[in-house]
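Written out below as structure tokens is the structure these notes cover.
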Amino acid sequence: NDPLQQAIDDAQSRATTAQASVASAQQALKASPRNAGAKADLVQAKADLAKAQSTLSQARVAKDPTDPQALKDALAAARTAPDNGDIVLGLITVATAQDNPGAALPAIAAYTARNPRDAQMYAYWGQTAEAAKQRSQAILAYQRFLQLAPDDPLAPDVRTRLKELAKQPA
């Protein structure tokens, strides 16, 4: 029995269970819209679903780096939990592994819009945008990182990247 396939099967099972939990929580919230417990259950169910989707995407890409379903699962996870930086980082990993870093850019933008003080995500955004050949987006992300964390250990490298990007034609 292939351990990578087993990991995919396990993650798929968890995702299916989590999808059912989300549907159940949505029905409970619809029946009792003011119920704080129902709202909390839905939030938790969505978090569980996003984690399962992200785990599934990682398992798929581990078995086959070119599996298009891996990117679909990672994108679904980021849509399910747009505030979860770990989920967005998982998407970046899968998209980059599949030589499609641009696929992660909208999720990074959504995350940083909700978490504008997360300096590290701006550094990841710059790296991802650079890999996607989105020079101006990379520059803006790196600049924002430096505004938020000018003394971060990554700051000297980011300044170097900015200088190199400034030399490139637009």
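Only this structure's heavy atoms are used, side chains among them; waters, hydrogens and symmetry mates stay out. For this chain, numbers begin at 1 and follow the sequence in order.
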Subject >> Qualifying salt bridge (Lys or Arg N to Asp or Glu O under 4.0 Å) pairs with a residue from residues 82-95, counting only residues at least two apart or across chains >> reply: Asp83-Arg114

**OP:** Evaluate the side-chain proximity of Leu91 to Leu71: yes if any heavy-atom separation is below 4.5 Å, no if none is.
**Re:** yes

Subject >> Derivation of the side chain to side chain contact (heavy atoms under 4.5 Å, CB included) call for Tyr142 and Gln127 >> reply: CA-CA 8 Å; Tyr142 285 145; Gln127 292 170 337; 3.6 Å; yes

Subject >> Value rounded to 0.5 Å, distance of CG in Leu89 from CE in Met121 >> reply: 4.0 Å

**OP:** Looking only at non-hydrogen atoms, find the nearest pair between Ala104 and Thr128 and report the distance.
**Re:** CB-CG2, 4.3 Å

Subject >> Spacing of CD belonging to Gln26 relative to NZ belonging to Lys30, to within rounding of 0.5 Å >> reply: 10.0 Å

Original post:
Could you give the distance from CG (Leu165) to CG (Leu140), rounded to the nearest 0.5 Å?
Top reply: 11.0 Å

Original post:
Can you tell me if CG on Asp99 sees more than 12 non-hydrogen neighbours from other groups inside 6.0 Å?
Top reply: no

Original post:
Which atom names give the shortest non-hydrogen contact between Ala15 and Leu49, and what distance separates them?
Top reply: O-CD1, 3.7 Å

Original post:
Would you find a donor on one side and an acceptor on the other, under 3.5 Å apart, between the side chain of Arg159 and the backbone of Leu146?
Top reply: no

Original post:
Taking the side chain as C-beta and beyond, is there a heavy-atom pair between Phe145 and Gln120 under 4.5 Å?
Top reply: yes

Subject >> Distance, nearest 0.5 Å, that separates CZ of Arg117 from OG1 of Thr112 >> reply: 13.0 Å

Original post:
So how far is it from Asp64 CG to Gln5 CD, rounded to the nearest 0.5 Å?
Top reply: 10.5 Å

Original post:
Where is the tightest heavy-atom contact between Leu105 and Ala132, given as atom of each residue plus distance?
Top reply: CD1-CB, 4.0 Å

Original post:
What heavy-atom pair brings Gln53 and Ala77 nearest, and what distance separates the two atoms?
Top reply: OE1-CA, 3.2 Å

**OP:** Verify, without hydrogens or angle tests, whether Ser57 (side chain) and Ser54 (backbone) share a donor-acceptor contact under 3.5 angstrom.
**Re:** yes

Original post:
What is the minimum heavy-atom distance between Thr66 and Gln98, and which atoms define it?
Top reply: C-NE2, 3.7 Å

Subject >> Closest contact, heavy atoms only, Leu148 versus Pro150 >> reply: C-CD, 3.6 Å

Subject >> Ser24: partners by side chain to side chain donor-acceptor pair (under 3.5 Å), with sequence neighbours left out >> reply: none

Original post:
Under 4.5 Å between any side-chain heavy atoms of Ile139 and Leu162, yes or no?
Top reply: yes

**OP:** Mark yes or no for whether Arg60, through its side chain, and Ile8, through its backbone, hold a donor-acceptor pair below 3.5 Å.
**Re:** no

Subject >> Val22 side chain reached by Thr80 side chain, heavy atoms, under 4.5 Å >> reply: no

Original post:
Is there any ring-ring contact (aromatic ring centres under 6.0 Å, His included) pair reaching into residues 88-124, and which pairs are they, with sequence neighbours excluded?
Top reply: Tyr122-Trp125

**OP:** Examine distances only and state if a side-chain atom of Gln6 and a backbone atom of Asn1 form a donor-acceptor pair shorter than 3.5 Å.
**Re:** no

Original post:
For the atom pair CD (Gln12) and CG (Asp9), what is the distance rounded to the nearest 0.5 Å?
Top reply: 8.0 Å

Subject >> N/O donor-acceptor pair under 3.5 Å between Ser32 side chain and Leu29 backbone >> reply: no

**OP:** Please determine, by modelled atom types, if Asp73 and Gln69 share a side-chain donor-acceptor pair under 3.5 angstrom.
**Re:** yes

Original post:
Would you say Ser21's side chain and Thr17's backbone share a donor-acceptor pair under 3.5 angstrom?
Top reply: yes

